[in-house]
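Note: hydrogens, waters and symmetry copies are ignored here, and every other heavy atom, side chains too, is used.
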Amino acid sequence: MMQNLESIREKAIEETKMKIEEDISHFLASHKECPAFQDYLSERSGFFQQIWLNTWLNKVTNNILRSHKKSFLRSKGYEVEGVDKKILNKMFRNEVRNERPFHVREWVQENAPDEQEWETRHRKERERYLKEMEERLTASKRKGVQKEILYFLEQKVEDQELNWYLELRYIFSKKIVSDLNSKPKYKQIDPFALEDKLEEQGMLSNHDFTTVSDILKEFTGSIHKKSEQWERNLWEYETYQFPYERFISSCTENVISSYVCENLPADILVSYKEIYGRELSQEQVIKWAQPVILKEKTLFFNWIREEYVVDLMELAAVPFDIEEHLSLYRTALEKRLQLKEEEEALLKEKQEEDARILHDIFGQEYSPSQRKGIEYVLHIGETNTGKTHKALTRMKAAESGIYLAPLRLLALEVFDKLNSEGVPCRLKTGEEEKEVGGARHMACTVEMFHEKNDYEVVVIDEAQMLADQDRGFSWYKAITKARAKEVHIIGSENVRTLLLGLVGEEQVQIHNYEREIPLQVEKKEFKLKHAKQGDAIVCFSRKKVLDTASRLQNNGHKVSMIYGSMPPETRKKQMMQFITGKTKVIVATDAIGMGLNLPIRRIVFLENDKFDGTRRRLLTSQEVKQIAGRAGRKGIYEAGKIAFTKDIKKMTHLLTQDDPSLKTFAIAPTSNVFERFQRYYHDLDTFFELWDRYDSPYGTEKASLTEERELYGLVRGTDIEARLSLNDLYGFLHLPFSKKENKLTQQWLDSMHAIVNDEELPEPDISNKNLEHKEISYKAVGLHLLLLYRLGRQTEAYYWERTRQEIADGVHESLRTEVKGLSKKCRNCGKKLPPNFGFPICDRCHALKRKRRERKKG
């Protein structure tokens with residue numbers, strides 16, 4: 001500490017000496033006659049110690065560590081623990097201020113100059129002082145004359161701005177005439193494509209351009225430095241925007257500076273010459289007047305851009321006379337304003353016509369119309385409360401009925417159930433049709449609903465799907481367009497308000513359902529080793545389902561599996577194994593939450609979040625309820641158990657909280673919309689553009705049509721688009737297959753070529769190599785069936801339905817034989833990892849990787 005103080009003291013002494021020397025210089029310079037050294041001591045010595053004290057305290061406070069300050073204060077008897085920083089510094093300064101002071105007066109007297117040195121120093125300091133005063137006076141005079149010149153210019157801007165522009169306009173007219181008569185025109189390409197040589201297409205012509213702004217987009221033939229990014233230059237082919245901007249800039253500077261030099265009052269010009277010793281130049285005016293000139297440059301360039309080329313061509317032939325050019329400009333401006341008004345009127349007329357067309361195409365299509373003579377019956381309640389059973393019981397008793405399912409599997413389940421109970425029922429999904437003799441009932445997926453068919457009873461399941469952006473419109477259409485005596489709508493509590501808004505409250509019966517089997521959340525966090533008979537373990541990807549099932553099987557459990565891409569026939573077999581007790585545990589995605597009634601004792605959420613196609617997010621309250629509601633089966637269990645692997649409190653809150661009501665339903669294009677669209681246009685590009693522009697009614701949300709657009713991009717401008725009607729083309733784009741699978745997309749494209757060329761559809765590629773290949777093959781056959789049914793080729797479809805059934809059987813067999821072997825392996829060396837190992841690489845590979853990293857650092 002004391003060593004630090006001594007070092008700081010030496011630096012403070014040196015700085016104090018410098019300040020005293022500066023003080024002596026200032027003292028001498030301020031006296032016309034040389035004062036005596038004793039006069040300096042008498043006048044200034046009172047400030048010597050203050051200079052030292054300020055210098056010392058600043059240095060010692062800023063350069064001593066806080067811990068050292070505390071140590072110093074403790075040695076003086078202070079208690080410093082917990083003392084505020086400001087107070088600590090104040091205490092330190094008070095104690096250290098008198099620590100070995102530097103006696104300034106004594107040092108000054110010891111280093112007193114002799115009389116001759118003192119006088120010589122006075123003379124030099126006085127000369128320096130007088131020179132500085134003279135320079136300041138000159139600078140002040142220069143600043144004054146500069147202000148006078150700028151003030152003159154600023155006062156003239158408003159009066160002269162138009163005159164300056166007229167002169168510049170005339171100069172530019174000659175420039176543009178010269179360019180249009182001598183410069184080549186180049187083919188337009190990407191300006192950054194410097195590897196491509198510009199291709200000449202004749203000469204520039206005034207007939208090709210309306211305004212100067214049109215010319216600015218043309219290439220000059222030169223290369224222009226666009227910008228600098230990431231320490232590298234970006235170059236592009238130069239357009240006339242840049243040389244014309246530079247030309248206007250230069251002309252503006254010349255016109256304004258010339259005006260100032262020619263019109264500045266004589267007394268200001270004389271003052272300038274006296275102060276600077278030279279005549280005022282245009283360069284000097286440009287330098288001083290940059291803020292004014294920059295503003296005028298921008299204004300004049302914007303005015304030039306709007307000029308009509310034909311007016312400038314005529315102007316170039318008229319010698320410059322301010323009055324004549326003013327008259328020509330006003331005439332051109334009046335004509336331009338008139339044309340602009342006409343253009344705006346045409347634009348407004350076009351906008352009104354576009355709005356009328358949009359209204360005519362989409363207009364009333366998406367406004368629900370309440371239909372008389374229909375009795376709506378709402379079945380509202382939680383999952384697994386018998387809603388669907390009650391609605392189906394009424395449908396079975398009716399002379400005719402249709403059940404609309406969210407999943408093909410549920411349609412199959414109802415088809416089998418009704419036929420087994422002696423009620424003939426047909427089946428229709430996008431990929432299959434099954435006729436049953438004398439059937440007046442039908443089970444189908446909701447997308448297969450046809451609004452022109454009559455039924456006594458219509459049952460619409462999972463109505464909360466109304467809000468789904470991609471599929472919701474199918475529910476909307478079924479609910480609002482159904483032709484029946486009774487329409488039974490099944491949904492969760494959060495869709496109640498939305499349904500009443502669609503069908504009205506006058507002709508509605510509402511049946512409310514509550515669980516008879518309570519749900520109980522387990523307090524202990526679930527581990528996979530806790531799995532027991534009757535558990536349904538839920539995760540949110542096919543990979544996670546297979547991995548979890550593999551780990552359970554390797555631990556001795558008999559397991560069923562359910563995930564979204566699984567064939568419905570396979571899913572049904574997996575379910576039956578669990579129902580009949582052949583398997584004890586079922587591992588599933590959230591597909592289990594939609595209409596699948598299984599004897600589940602406990603629902604286990606292995607994950608609390610899911611990937612929704614864009615990001616991973618926490619499950620919503622409705623998703624948790626929909627899945628959890630599958631726990632507990634009346635007559636089997638007294639309560640349904642729910643378990644979570646983490647965040648039990650947060651997830652329980654999601655399970656028990658009230659859901660906000662759904663406020664919007666999805667809309668999508670209909671055949672009526674396409675019919676009206678084709679009165680005006682005949683291409684899908686325009687249709688997608690209009691769909692984006694259409695403001696859907698309050699309470700609705702437009703389907704994104706993302707997949708349809710991507711498929712359309714593959715056939716735009718081809719024979720496929722040319723040979724198909726708009727309705728047919730959109731129908732093929734809208735087919736429900738997995739468009740993210742490149743193999744299926746290519747199959748679809750090959751099939752489309754075959755259809756328009758009247759050739760046989762290419763057979764789907766089938767591989768039985770492993771589970772993944774079989775699942776892709778199943779989807780490929782499913783797409784083939786979609787196309788066959790759309791083309792009305794049911795006879796062929798029967799063969800492919802049998803083929804698909806065989807593939808589904810193969811998938812079921814692979815799930816039985818392959819999954820157990822899906823052990824986790826090290827990503828680096830391929831070594832088998834323990835079932836519950838939490839990392840993608842083994843310990844050995846991790847250690848090697850860490851050693852390599854450490855060697856690099858070393």
Output the distance between atom [atom1] ([X]) and atom [atom2] ([Y]), rounded to the nearest 0.5 Å.
| X | Y | atom1 | atom2 | result |
| --- | --- | --- | --- | --- |
| Y170 | L315 | OH | CG | 8.0 Å |
| I667 | S696 | CD1 | OG | 4.5 Å |
| Y240 | S213 | OH | OG | 15.0 Å |
| L684 | L729 | CG | CG | 5.0 Å |
| T331 | K335 | OG1 | NZ | 9.0 Å |
| F219 | E236 | CZ | CD | 8.0 Å |

Over-ring placement of [X] relative to [Y], 6.0 Å and 45° cut-offs:
| X | Y | answer |
| --- | --- | --- |
| K174 | F172 | no |
| K175 | F247 | yes |
| R336 | Y308 | no |

Take atom [atom1] in [X]; do more than 12 heavy atoms of anything else shown fall under 6.0 Å from it?
| X | atom1 | answer |
| --- | --- | --- |
| E349 | CD | no |
| E158 | CD | no |
| Y151 | OH | no |

Treating [X] as the side-chain partner and [Y] as the backbone partner, does any N or O pair qualify as donor plus acceptor under 3.5 Å?
| X | Y | answer |
| --- | --- | --- |
| W748 | F732 | yes |
| K702 | Y694 | yes |
| S249 | E245 | no |
| R305 | V212 | no |
| D190 | F192 | yes |
| T239 | L216 | yes |
| S327 | E323 | no |
| Q290 | I286 | yes |
| N263 | Y259 | yes |

Q: Carefully, step by step, assess V309 and D214 under the rule side-chain contact (heavy atoms from CB on, under 4.5 Å).
A: CA-CA 9 Å; V309 173; D214 299 329; over 6 Å; no
For [Y], is there an ion pair with [X] - N to carboxylate O distance below 4.0 angstrom?
| X | Y | result |
| --- | --- | --- |
| K185 | E200 | no |
| R709 | D692 | yes |
| D354 | R693 | yes |
| R793 | E760 | yes |
| E344 | K348 | no |
| E353 | R356 | yes |
| E447 | R471 | yes |
| E707 | K740 | no |

Exercise. Is there a ring pair (Phe, Tyr, Trp, His ring centres under 6.0 Å) between H325 and F320 once you walk through the steps?
Worked result: CA-CA 7 Å; H325 274 242; F320 186 72; 4.9 Å; yes
Verify whether one side chain among [X] and [Y] offers a donor that lies under 3.5 Å from an acceptor in the other.
| X | Y | result |
| --- | --- | --- |
| S258 | E262 | yes |
| D750 | Q747 | no |
| D360 | Y680 | yes |
| N742 | Q746 | no |
| Y712 | E721 | yes |
| E238 | T220 | yes |
| E708 | H734 | yes |

Taking all atoms of both residues into account, what is the closest heavy-atom pair of [X] and [Y], and its distance?
| X | Y | value |
| --- | --- | --- |
| A332 | D311 | CB-OD2, 3.5 Å |
| L466 | L498 | CD1-CD2, 4.1 Å |
| L312 | S173 | O-CB, 3.4 Å |
| C261 | V285 | SG-CG2, 4.0 Å |
| L744 | S738 | CD1-O, 3.7 Å |

Requested in this report: Applying side-chain contact (heavy atoms from CB on, under 4.5 Å), run through E218 and D208 and close with a yes or a no.
Outcome: CA-CA 11 Å; E218 294 291 324; D208 296 334; over 6 Å; no
Q.
side-chain hydrogen bond (donor to acceptor under 3.5 Å, both in side chains) for S704 and T706? Distances and angles first, verdict last.
A. CA-CA 5 Å; S704 64; T706 302; 3.1 Å; yes
Hey, what's the ring geometry for [X] with [Y], parallel, tilted or perpendicular (30° and 60° as the breaks)?
| X | Y | value |
| --- | --- | --- |
| F674 | F677 | perpendicular |
| F688 | Y730 | tilted |
| Y329 | Y165 | perpendicular |
| W691 | F687 | parallel |

Any heavy-atom pair between the side chains of [Y] and [X] that's under 4.5 Å?
| X | Y | value |
| --- | --- | --- |
| L724 | M752 | yes |
| L726 | H682 | no |
| L168 | W303 | no |

Practice prompt. Determine, step by step, whether K141 and T138 satisfy the side-chain contact (heavy atoms from CB on, under 4.5 Å) criterion, reporting the C-alpha distance in whole Å, the side-chain angles of both residues, the deciding distance to 0.1 Å, and the verdict.
Written response: CA-CA 5 Å; K141 288 180 180 178; T138 301; 5.7 Å; no
* Asked: Between L749 and L711, does a side-chain contact (heavy atoms from CB on, under 4.5 Å) hold up when you go through it step by step?
  -> CA-CA 9 Å; L749 188 59; L711 277 188; over 6 Å; no
